[in-house]
Amino acid sequence: EGGLLLGRLSRVELPEGLKPAALAFPELRVPYDGDAQWLVPLDLGMLVEGPLAHAVDAPDMSASRREWTHTQTTAWMSGGAGLHLHSRDTSGWMKSTLLRVGQRTAEVSIEHLLPQPLSGAPEFPAYPVAIAPFVGGWYQSARLYRPWALQQQWASRGPERRRDSYVAELACWLWLRGRIDNVSPPAKEVARRLGLPVALDWYWWHKHPYDTGYPDYFPPREGTEAFKAAVADLQQSNVSVQVYSNGMSWDRDEPRWETVGRECTTVLRDGEYWGHIYNTWMNRKLMHTCGAAEGWHRQALITAEGAAALGLDGLYMDQIAIVGGIFPCYSTEHGHVPGGGSYGVQGFRELFGKVRERHPGLVISSESVHEVYQDLLECCITLQTSWEASRGEAGCRGTTLVPLFHAIYHGHAVVFGNYSHIDGITPWDEKWPQEARPAPDEEKQWHKLCPDQFALDMARTVACGCQPLCTNLTAAHLQNPELEASVQFFLDISAFYHAHREWLLWGEMLSPGTLNCETVGVSCIARTIFTPPSDITPFEVKRPAVLHSAWRSPDGKAALCLFNYTREDQTVTTRREDGLVPEDGQTTLTLPARSMKFVGLVEG
């Protein structure tokens, strides 16, 4: 069908007593050549060079690697060609991409987790899978999945149905934290300097320390009336406001977890409850709830009601669109068959639907870009465009961010964000224990050690088709002469994004084509808010000096966007294989330092 070979399981007979936990289907073996690449649909997308290369000559296929799927497509590529595969699951079945390597062979498959009924054989997926050979790279693989994907419910809200919220008008986002006097002044100042709409993602507004106490948020730290007044003031200053909530976690030390939260928590195969310690400063474990648990729905709706009462524009429901419904739950009390299946995704979809129905004026967003939730969300945040900061030196070796998600869904989903701190210093919650706080003299002048990392992240964010964001921007940063150039680049790229939203927000991603430019060394650090400065060591990566992407607006106009994040002028030469050429005929041009350029494209 359309150049793809479709297949499904029509009958599965199992030996008596055998209860498989997963099904690898399709399962394709291909020769492992030296330039092999594996396309992984993790968040926006990742290209892995020579995956598991150390095991190529192993006598068996024992080396394996699994990755979550936020879109259900993957590919194996070598020598300018590839083998594409995807599943056509419309309900959100738990699955991952699976790679096995050995005997100079790669075995690529999609692994579907199977339900584990207390008696009888498990249900097997009824949906088809697809495979196809193709010529090209990750973009061409994405285009094989796109026609089917855009017909699904989660892609039903395209540009014509997404222009009715503040998200459609934004120049940028600010991810700020803490008290009103730390948040309001910089947000209002950025909106003033831009003269354009700005959105605020407000963290640490709630009464408990960050990553503790969930789902007990109210009242706000400085009181309900003060907070509502601050929100209204920001809105009058052209700043839309959403607040943080955790969409699927309950603090194990919160008093109600033992009596109420436990009943909502995902149960692992061994009977333990699924949780994770994020806040290493306080060693508190957040327990991850099951999407099918009605008790969690009731609690999340209480949070949404409280947020709506504060006069907010939006509510951020963390974690759902990155891990919600991905992992199996073995509870027998949540109304689902233990193990794999689609109950988790369907449960969280139901929860989003309830929030939207009860609070139609509240814009809902979540973390990451799982395709199955996009029709119920106005936007999602990604940290992946800060590739070096989020993956570190080791994680950058042999891996590259690719905008796979946007090659499929751009215009049918809105993504914002990165994880870039303008001075490299992460914030500290005043409610965390002061004795755990690293000494201030441990911090270095990261912005001087890594002078281009912030600008690289900003350029990559917009080049990938995401709305720009700056995190932890303070009034002091805006007034610091040492940061003036970085602040200006953020403002310039935000204005550029706003002016070209028909392409960079609503447009269809075109093949990137070829851009010849210098390769430069960029000094970077990897850091989260839980990384002590003593653990940080700068490292260098090699990156193109100019980033680019190509788009076609809804009215059919094509364009190329170029971003020079370096502190020097850069000359580039463009070449395309699709017949499009710059409308001014100039294929070679020079971009001034820290600048961006919009180039109209026409048929050659």
Side-chain angles (χ1 to χ4, degrees), residues 2 44-45 71 138-140 142-173 196-197 199 240 363-365 369 371 373-380 382 385 402-417 461-469 493-513 547-563 574 576-584 596-604:
L44 294 184
T71 57
W138 64 268
Y139 178 83
Q140 285 69 33
R143 302 298 283 189
L144 292 171
Y145 180 59
R146 186 173 187 268
W148 178 84
L150 291 189
Q151 296 175 30
Q152 306 317 307
Q153 174 63 32
W154 56 71
S156 60
R157 297 178 62 228
E160 68 285 351
R161 295 182 59 190
R162 287 186 174 269
R163 295 180 186 260
D164 59 352
S165 79
Y166 68 84
V167 176
E169 302 301 323
L170 294 178
C172 65
W173 288 78
L196 297 169
S240 300
V363 164
I364 308 300
S365 59
V369 295
E371 62 186 356
Y373 299 118
Q374 295 307 317
D375 57 315
L376 300 173
L377 298 170
E378 295 306 319
C379 51
C380 285
T382 182
T385 50
V402 292
L404 171 68
F405 181 82
H406 280 144
I408 301 165
Y409 289 116
H410 198 265
H412 298 260
V414 176
V415 185
F416 68 95
T461 298
V462 179
C464 283
C466 301
Q467 295 183 316
L469 172 147
I493 207 166
S494 297
F496 180 89
Y497 175 86
H498 186 269
H500 301 104
R501 297 192 318 288
E502 288 301 308
W503 293 265
L504 290 167
L505 178 57
W506 305 125
E508 173 189 351
M509 178 177 275
L510 302 178
S511 174
L547 306 184
H548 74 289
S549 52
W551 310 88
R552 190 181 301 279
S553 65
D555 64 0
K557 297 177 181 177
L560 178 68
C561 294
L562 305 171
F563 305 89
T574 65
R576 302 192 58 79
E577 300 78 27
D578 55 10
L580 295 174
V581 297
E583 59 186 359
D584 62 3
M596 56 242 44
K597 187 171 180 62
F598 179 87
V599 179
L601 298 174
V602 295
E603 295 291 339

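Residue numbers run from 1 in the order of the sequence given. Values below: every heavy atom of this structure, side chains too, minus hydrogens, waters and symmetry copies.
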Do E371 and Y409 have side-chain N/O donor and acceptor atoms under 3.5 Å apart?
yes
Between R163 and E502, does any side-chain N to carboxylate O distance fall below 4.0 Å?
yes
Would you say that H406 contacts C466 through its side chain, given a criterion of any heavy-atom pair below 4.5 Å between the two side chains?
yes
Once you round to the nearest 0.5 Å, how far does CG of L196 lie from SG of C172?
8.5 Å
Nearest heavy-atom pair of A155 and L150: which atoms, and what distance?
CB-CA, 3.8 Å
Which heavy atom of E169 sits nearest to which heavy atom of P197, and what is that distance?
O-CG, 3.5 Å
With the threshold set at 4.0 Å, does a side-chain nitrogen-carboxylate oxygen contact exist between K557 and E583?
no
I need the D578 CG to L510 CG distance, nearest 0.5 Å.
6.5 Å
At their closest point, which heavy atom of M509 faces which heavy atom of Y139, and how far apart are they?
O-OH, 2.8 Å
Supply the atom-to-atom distance C561 SG to F496 CZ, rounded to the nearest 0.5 angstrom.
4.0 Å
L44 vs L404 side-chain heavy atoms within contact, under 4.5 Å
no
Kindly determine whether L601 and R576 satisfy side-chain contact (heavy atoms from CB on, under 4.5 Å), including the steps that lead there.
CA-CA 10 Å; L601 298 174; R576 302 192 58 79; 4.0 Å; yes
For Q467 and T461, the nearest pair of non-hydrogen atoms, with its separation, is O-CG2, 3.6 Å
Check each of W551, F563, W503 against F598 using the ring pair (Phe, Tyr, Trp, His ring centres under 6.0 Å) test, and report the only one that passes.
W503
Side chains of M596 and L562: closer than 4.5 Å at any heavy-atom pair?
no
If we only count heavy atoms from C-beta on, is the R161 to S156 side-chain gap below 4.5 Å?
yes
Mind checking the NE2-OG spacing from H500 to S553? Nearest 0.5 Å is all I need.
11.0 Å
Measuring only between side-chain heavy atoms, which start at C-beta, is W173 closer than 4.5 Å to C379?
yes
Side chains of H548 and V599: does their closest heavy-atom pair fall under 4.5 Å?
no
Give the intermediate values and the outcome of side-chain contact (heavy atoms from CB on, under 4.5 Å) for residues E508 and R146.
CA-CA 11 Å; E508 173 189 351; R146 186 173 187 268; 3.6 Å; yes
Evaluate side-chain contact (heavy atoms from CB on, under 4.5 Å) for R162 paired with V167, printing each intermediate quantity in order.
CA-CA 8 Å; R162 287 186 174 269; V167 176; over 6 Å; no
Residue pair Y497 / A171: nearest heavy atoms and the distance that separates them
CD2-O, 4.0 Å
Nearest heavy-atom contact between P582 and T574 is CG-OG1, 4.2 Å
Any chance you could lay out the side-chain contact (heavy atoms from CB on, under 4.5 Å) test for I364 and L376, step after step, and finish with the verdict?
CA-CA 8 Å; I364 308 300; L376 300 173; over 6 Å; no
Check: W138 and P403 side chains under 4.5 Å, non-hydrogen atoms
yes
